[in-house]
Protein chains: 2
Amino acid sequence: MMQDDNWFSERYYYKSVINGYKVKKVLHEEKSQWQEIAVYETQAVGKLLTLDGKTMVSDLDEFVYHETMAHISSMTHPDPKKVLIIGGGDGGLVREFVKYPSLEEIQLVEIDERVIEVSKEFFPNCTSGLSDSRVKIVPTDGIKYIGEFENYFDIIIIDSTDPEEFAEGLFTKEFYSTVNKALTKDGIMMAQTENPFFDEYNIGDIYKNLKASFKNVQAVHAPMSIYPGVYWTFAFCSKGINGIALNSERIPFMSDLQKSLEWYNMDWHKAAFVLPNFTKRKLGLE
Amino acid sequence: MMQDDNWFSERYYYKSVINGYKVKKVLHEEKSQWQEIAVYETQAVGKLLTLDGKTMVSDLDEFVYHETMAHISSMTHPDPKKVLIIGGGDGGLVREFVKYPSLEEIQLVEIDERVIEVSKEFFPNCTSGLSDSRVKIVPTDGIKYIGEFENYFDIIIIDSTDPEEFAEGLFTKEFYSTVNKALTKDGIMMAQTENPFFDEYNIGDIYKNLKASFKNVQAVHAPMSIYPGVYWTFAFCSKGINGIALNSERIPFMSDLQKSLEWYNMDWHKAAFVLPNFTKRKLGLE
């Protein structure tokens, strides 16, 4: 995976941009049934997990991604009990969801069990929630698994890699429509939806697919320092619930919790939905 | 400047991170009195201007930087007449300011005239405002120049490179205090203040210096795809004016103008001031 001595680097946007990190130590490298998994100790971002040569999680900024999707969805749903996370084997999303005592069930559907095991070893801060008794780890294909549910989950999070190979199916109209069916009437889906500047996967089409399946499609933006292009978008989809409307009953709880969070606060929650012209136009959300 | 055949790359954060762009053609390279100036035609970001091997302006995203500082300052000042830009030889900020018919004087103090000439040749879209009769180009050292003014400018923009070499003086307490003196009572200063994740220049100290000189110090965040770390901060400083409070008299004007802008809109203006916990803590703006 390392193209040069002591550097991990990733090429993106049709291989025309390169981003690399100086590596102090290769902590782990393996080829699982599904992908190449590596962990590097870097100078700039601390420990860095990569899958098939793509940056996934780092000590530097994992909290941005995980707090954004877990707390925006939990703070808008009126009364979430059941959560499903597809992907997310690093455990970071679970760690945030277990902070809500009102949740009863958190299912983590990760196709590659090795990602969970490697994360437990090198990112114990991320995986700390996996031992919570409400958490169920399901090592299977999320696309097939979700088809078994109807009107069941309150929150579904798609924590996927890029729309390529086995993750490509997680960005289709058919999949989104299966997700919609698996959600309860107040259900919320959030998903990572790539960078709009280096637009290799046509973000406009991703949002067209979302709009074909969900009544309400909004987006939030947040920076993921280790991802290609950094400026990241996340879809917020529901059968009607507005992502900007915080659940007022949960505000006292979050007023306290947000003091200990590294990224999320309720003012930022609302601001993250306000898009600049460029992003609105690229996503077709004008 | 090109480390490999057909790639421009920049190392940052103590040279532990690398970011590179595939180059289709080297359009220009020279060593001016002040710095190395280069323009590349790249695959990912279009034309790219670099100074001393650092990315400055690209076709892909120049509008983010220029619209952010020009419109946030112009839309909060009650009645700006005189603007000073320090740096900014690419002309992008001037292009945005000349859109306000009420401005009477726009001074561009660029130490390196060659940056202006090279920009005119390769970034005519950025330099289009320089021919406006209200624009005065002053080819001198901004630090010395600004010391000649007292209670004169309504808006001052610091469009500088990183706090290194001849730009280092643009981040000191002494300089900010000179800027404050040159501003009128409703005056606003905006300045680029680097990335808080790869914090090579100690962003906390920059904001301490700002707070030592200005009564009101706020910050906005926006992504600059070609800058190290992308997630960028900009200081908004004043003698009291709140950056979130839009000037209501100018709202009808902007309602019309923002349709043609690529990044800025008034809702985003207000949202850009709402910082996540990480950024507030790094900047000391809690």
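Computed from heavy atoms alone, side chains included, the values below leave out hydrogens, waters and symmetry copies. A note on names: the letters A, B, ... follow the listed sequences, proteins ahead of strands, and every chain is numbered from 1.
- Nearest heavy atom pair, residue B/Asn277 against residue A/Glu262, reads CB-O, 3.5 Å.
- With chain A as partner, the option from B/Thr279, B/Leu60, B/Ile226, B/Asp267 having the largest number of non-hydrogen pairs under 4.5 angstrom is B/Leu60.
- Neither the backbone nor the side chain of A/His269 comes within contact range of chain B, judged by heavy atoms closer than 4.5 Å.
- Options A/Trp263, A/Tyr13, A/Tyr231 differ in how many heavy-atom pairs under 4.5 Å they form with chain B, and the most are formed by A/Trp263.
- For the set A/Trp268, A/Tyr12, A/Phe63, the entry with the most heavy-atom pairs within less than 4.5 Å of chain B is A/Trp268.
- Between B/Phe198 and B/Tyr14, the ring center distance fails the sub-6.0 Å criterion.
- Note: B/Phe197 and B/Phe278 have parallel aromatic rings, judged against thresholds of 30 and 60 degrees for the angle between ring planes.
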Please assess B/Arg95 against B/Glu62 for the test salt bridge (Lys or Arg N to Asp or Glu O under 4.0 Å), listing each intermediate value before the final yes or no.
CA-CA 11 Å; B/Arg95 178 194 65 204; B/Glu62 57 82 14; 2.8 Å; yes
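- Only the side chain of A/Lys280 comes within contact range of chain B, judged by heavy atoms closer than 4.5 Å.
- Ring-centre distance between A/Tyr100 and A/His71: below the 6.0 Å cut-off.
- A salt bridge is absent between A/Glu10 and A/Lys54: the closest approach of a Lys/Arg side-chain nitrogen to an acidic carboxylate oxygen does not fall below 4.0 angstrom.
- Note: B/Ser16 leads B/Ala271, B/Pro223, B/Ser16 in heavy-atom pairs under 4.5 Å with chain A.
- A/Leu275 touches chain B through its backbone: at least one of N, CA, C or O sits under 4.5 Å from a heavy atom, while the side chain does not.
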